[in-house]
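First up is the structure itself, then whatever we jot down about it.
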Amino acid sequence: MNIKDIMESMEYGPAPEDQGSAQAWLEAHDRRLGHFIDGQFQGAAQADIAVENPATGETLAHIPQAGQDEVDAAVKAAKNAFGQWSRKSGYERSQYLYAIARGLQKRERLFSVLETLDNGKAIRESRNADIPLAIRHFYHHAGWAAMAESEFAGQQPLGVCGQIIPWNFPLLMLAWKIAPALAAGNTVVLKPADLTPLTAVAFAELLVEIGLPKGVVNIVQGGGDTGAMIVRHPDIAKIAFTGSTAVGRDIRRATAGSGKRLTLELGGKSPFVICADADLDAAVEGVVEGVWFNQGEVCCAGSRLLIQEGIAERFLNKLRARMQKIRVGSPLDKSTDMGAIVSARQKARIQGLLDNAAGEGIRLEQSSCPLPEQGHFVTPGFFADAQPAAEISQVEIFGPIAVTTSFRTIDEAVELANNTGYGLSASIWSENINAATELAARIKAGVVWINATNIFDANAPFGGVKESGYGREGAREGMASYLEPVPASRRKPVKPVEADLTPTRLGEGTPEGQIDRTMKNYIGGKQARPDGGSSYVIRDHKGRPLGLAPLSGRKDIRNAVEAARKAGSWSSNAHGRAQVLFFLAENIAARSAELISLLQNMTGTGKSEAGGEVQKLLERCFYYAGLADKDDGAIHATKPRHLTLSLKEPVGVAGVLAPDNSPLLGLMSLILPLIAAGNRVVTVPSPAHALIAQSLYQIFDTSDLPAGVVNLVSGDRDVLAQTLAEHDAVDLLWYHGSAEGASAVEAASAGNLKQVWTNGGFATDWFDDAEARGRHWMARATQIKTIWVPYGA
């Protein structure tokens, strides 16, 4: 083709990126790459796992599979390095992070080409997006390290962090995880994906060059078995994982009872909502970025196109025309839009889903662009008539294929958008600011882009809700996830107060001289008898009966959860919540004598100590009343022409399992931050001291607390905890009981990946304000929604 022909057709000519330096780097290593443990490269001689170029099928290198010995050595090195690294000043740590950022900046081209060879993504994406953003993360977290002593006062690093990253953004995911961990003073054992290990090895060489102390970062190669060894290692304090929801569930079960902190960034099936008043040409380009970027191998890909009915056909016609212009080909060609799928296995998985959809009669439209004869390529396309319940509409494809559905009203768009177990991201296209912000508020997702998609920044929190995981990466929130409050003192194991939960017989449990004191559950603002009709005896500290409490079961929990779900309007008015908490304090003060007497009878404590518990509760009510409308989000400084908002939202319905010690203060110290943040709770009081609930629900009734915001269900704590942990409509669980009970609820929570916070079997000093209240409690009671809003010229 000559210049005249090119000028007439306006076709792009080939513009290949030189891969010479990357190939030379591979040759210098004899195409055998090993682990990086305690500052040394090792294991290359045992390399037997082939690393393939997905665009050509050629073998680029070989890596070894780390076994238990290698994982143990890496963890030991990280553990030995932790003391010295964590004691360095924030300024000293920031110098290393700055040096990493500068080193990456100087080698952008090498890292970009290695990434494209290894992953199959277009060089334009590696060069213009992935590597610059990885560099940005190290610069950003160098700043957090320098400010750590003042910005995170009273916080300390966790220890050794195990980090497992996926193959779709290899170096970027490494940066997302290593940068905040090091900035906070932790040490790291990281496992890259066995499909894409090249840039992790090049990164390790950079660490040697800048003189990072040995053992601070360790990199072990291998597949899923190696990752499982990291997850289960007893000397690792935190697991940060990005990958599939199925593996996230396995990790939650494997770490149950271990005390490990978790950040799980999992799968997605994100809605891409196009309203009738949207700029359709801009929205079409948004689909290009939201679905066909990185071959669709993006967890937050907007792969469910929800199009308002009046413009659906016009939009799809524009999309069809634009799809024909997508250039699929050699990833190293600068004119290529879409490269290769990462592996033959992943391509086969995508093709299997497409074949299943074809078998269901769902029509697939694809581009007519030619595909290279070699390599793992998939033609971009979309299903124009998929039903919301179809497999292709519910399952994460992780390829360059979208599904489309039409909607009529905003309410219908919200219902369709939330009709998935996932909740990672959403993209909204509308020129009507009211419609756009209403959708942003109502769609359940961790990240929402308005008139944009797939925008990322180190200073923007990223992460999901529901089965897309929990925890945030990036910004202050990501840094905070690698820190914990410095404990005031060594915590002591829980000493459970035994309660006889045997169902009572007729005439049992009535205190001498009284007619009856049979408590009921408190569900939806009303007293309710337990479904099974059974009660058990509550006894005082001398074993004498005080009264009867309901022996509740699964149906009682179900009814309480349903009542809590109906009270969703509680989350909408922070000032109103603050007022109710002040009213609670007012009514607790009015009934303080009754509460003090009951505490004395139940626990045998003296009047002064019981009075101190009530007084501390009054203080705590005022504290959370004050905080209810002041626990604000933030506007983050990110990319030009955007306001990046991080809003603190309630998690939803919370299950609360209260402690035995300080039965009034402990119970309310769990309830107060949750309802102050706008959650609704289903609470199980201490089985031995459940009569405290009878006084509380009478206080709730006189404090303008809306029905369903707080529900009290008594019975066997661990039995009811299991029911709450397994309930798909419970979004959050706080447990204070035995170590065995804590482990059981963490394992059971994997079903819908609800957030769980337990005492780990250790007693909390509920009188200690530093330990038992604070913004870190509110942080546990909220989740961040990041909203990108166009702003400025």
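With S94 contributing its side chain and Y91 its backbone, the two residues share a donor-acceptor pair below 3.5 Å. A donor-acceptor contact shorter than 3.5 Å is absent between the side chain of Q346 and the backbone of I341. Proximity of a side-chain donor or acceptor of N759 to a complementary backbone N or O of G737 within less than 3.5 Å is detected. Between the side chain of T255 and the backbone N or O of K260 there is no donor-acceptor pair closer than 3.5 Å. Counting only distance, with no hydrogens or angles, the side chain of E115 and the backbone of L171 share a donor-acceptor pair below 3.5 Å. Counting only distance, with no hydrogens or angles, the side chain of R253 and the backbone of A750 share no donor-acceptor pair below 3.5 Å. N186 contributes a side-chain N or O that, together with a main-chain N or O of L158, makes up a donor-acceptor pair within less than 3.5 Å. Judged purely by atom type and a 3.5 angstrom limit, H140 has no side-chain atom pairing as donor or acceptor with the backbone of R136. Judged purely by atom type and a 3.5 angstrom limit, K754 has no side-chain atom pairing as donor or acceptor with the backbone of A748. For the pair D118 (side chain) and L198 (backbone), a donor-acceptor distance under 3.5 Å is present.
Considering only heavy atoms from C-beta on, I165 stays 4.5 Å or farther from T242 through its side chain. For the pair P192 and I219, the minimum side-chain heavy-atom distance is below 4.5 Å. V51 has its side chain within reach of P197: a pair of non-hydrogen atoms, C-beta onward, lies under 4.5 Å apart. Side-chain contact between Q295 and V378 is absent, with no heavy atoms from C-beta onward closer than 4.5 Å. Contact check for R102 versus Y139: side-chain heavy atoms found under the 4.5 Å cut-off. You'll find the side chain of S738 stays beyond 4.5 Å of the side chain of V494, heavy atoms only. At least one side-chain heavy atom of T116 sits less than 4.5 Å from a side-chain heavy atom of K121. With contacts defined as side-chain heavy-atom distances shorter than 4.5 Å, the pair V189/V71 does not qualify.
Classified by interplanar angle (parallel below 30°, tilted 30° to 60°, perpendicular above 60°), the ring pair H29/W25 is tilted. Classification of the F462-F456 ring pair by plane angle, with boundaries at 30° and 60°, yields perpendicular.
The only member of Q394, E396, K466 that meets side chain to side chain contact (heavy atoms under 4.5 Å, CB included) when paired with Y422 is E396. With V231 as reference, I251 is the one residue of I236, I251, L262 to meet the side chain to side chain contact (heavy atoms under 4.5 Å, CB included) rule.
The two residues L182 and W85 make their nearest non-hydrogen contact at O-NE1, 3.3 Å. The two residues G257 and E746 have their closest heavy-atom pair at N-OE1, 2.5 Å. Residues A22 and V113 approach most closely at CB-CG1, 3.6 Å, considering heavy atoms. The minimum heavy-atom distance between E297 and A340, with the atom names listed, is OE1-O, 4.2 Å. When all heavy atoms of G215 and A81 are compared, the closest pair comes out as C-CB, 3.6 Å. When every heavy atom of E265 is checked against every heavy atom of C299, the shortest pair comes out as OE2-SG, 3.2 Å.
Here E209 pairs with R107 in a salt bridge; the nearest charged N to carboxylate O distance falls below 4.0 Å. Using a cutoff of 4.0 Å between basic side-chain nitrogens and carboxylate oxygens, R127 and E108 are not scored as salt-bridged. Between R476 and E151, at least one side-chain nitrogen of the basic residue sits less than 4.0 Å from a carboxylate oxygen of the acidic one, meeting the salt-bridge criterion.
Within the structure, no pair that satisfies the salt bridge (charged side-chain N to carboxylate O under 4.0 Å, His left out) test touches residues 212-234, not counting sequence neighbours.
Within the model, atoms CG of D30 and CZ of R32 stand 7.0 Å from one another, a figure rounded to the nearest 0.5 Å. Here S244 contributes atom OG and R249 contributes atom CZ; the two are 9.5 Å apart, rounded to the nearest 0.5 Å. To the nearest 0.5 Å, atom OG1 of residue T764 and atom CD of residue E771 are 5.0 Å apart. Between atom NZ of residue K76 and atom CG of residue D235 there is a gap of 11.0 Å, rounded to the nearest 0.5 Å. Put simply, CG on L114 and OG1 on T196 are 12.0 Å apart, with the number rounded to the nearest 0.5 Å. The CD atom of Q783 sits 7.5 Å away from atom CG of D731, with the distance rounded to the nearest 0.5 Å.
Y96 and E92 share no side-chain donor-acceptor pair at under 3.5 Å. Between D72 and Q68, the side chains place a donor N or O and an acceptor N or O closer than 3.5 Å (distance only, hydrogens not considered). If you check the side chains of H376 and E52, you find a donor sitting under 3.5 Å from an acceptor. In the model, T226 has a side-chain atom that pairs as donor or acceptor with a side-chain atom of Q65 under 3.5 Å. For the 3.5 Å distance criterion, the side chains of R472 and T263 fail to qualify, holding no donor opposite an acceptor. A donor-acceptor contact closer than 3.5 angstrom links the side chains of Q23 and R31.
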I'd like to know whether I37 forms a side chain to side chain contact (heavy atoms under 4.5 Å, CB included) with V220, so could you lay out the CA-CA distance, the side-chain angles of the two residues, the decisive distance to 0.1 Å, and finally the verdict. CA-CA 7 Å; I37 299 173; V220 293; 4.1 Å; yes

One pair to check against side chain to side chain contact (heavy atoms under 4.5 Å, CB included): T187 and N218. What are the steps and the verdict? CA-CA 8 Å; T187 54; N218 305 271; 5.7 Å; no

Could you go through D130 and N119, starting from their C-alpha distance and side-chain angles, then the distance that decides it, and tell me whether this counts as side chain to side chain contact (heavy atoms under 4.5 Å, CB included)? CA-CA 12 Å; D130 291 27; N119 172 272; over 6 Å; no

Let me see the working for R109 and E17 under side chain to side chain contact (heavy atoms under 4.5 Å, CB included), right down to the final yes or no. CA-CA 10 Å; R109 188 169 177 278; E17 179 75 35; 2.8 Å; yes

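By the 6.0 Å contact criterion, CD on E205 is enclosed, its count of non-hydrogen atoms from other residues, nucleotides or ligands being greater than 12. Heavy atoms of other residues, nucleotides or ligands lying less than 6.0 angstrom from CD of Q84 number 12 at most.
Between Y98 and F138, the ring center distance fails the sub-6.0 Å criterion. In this structure, W167 has its ring center under 6.0 Å from that of F398. The aromatic ring centres of F169 and W176 sit 6.0 Å or more apart.
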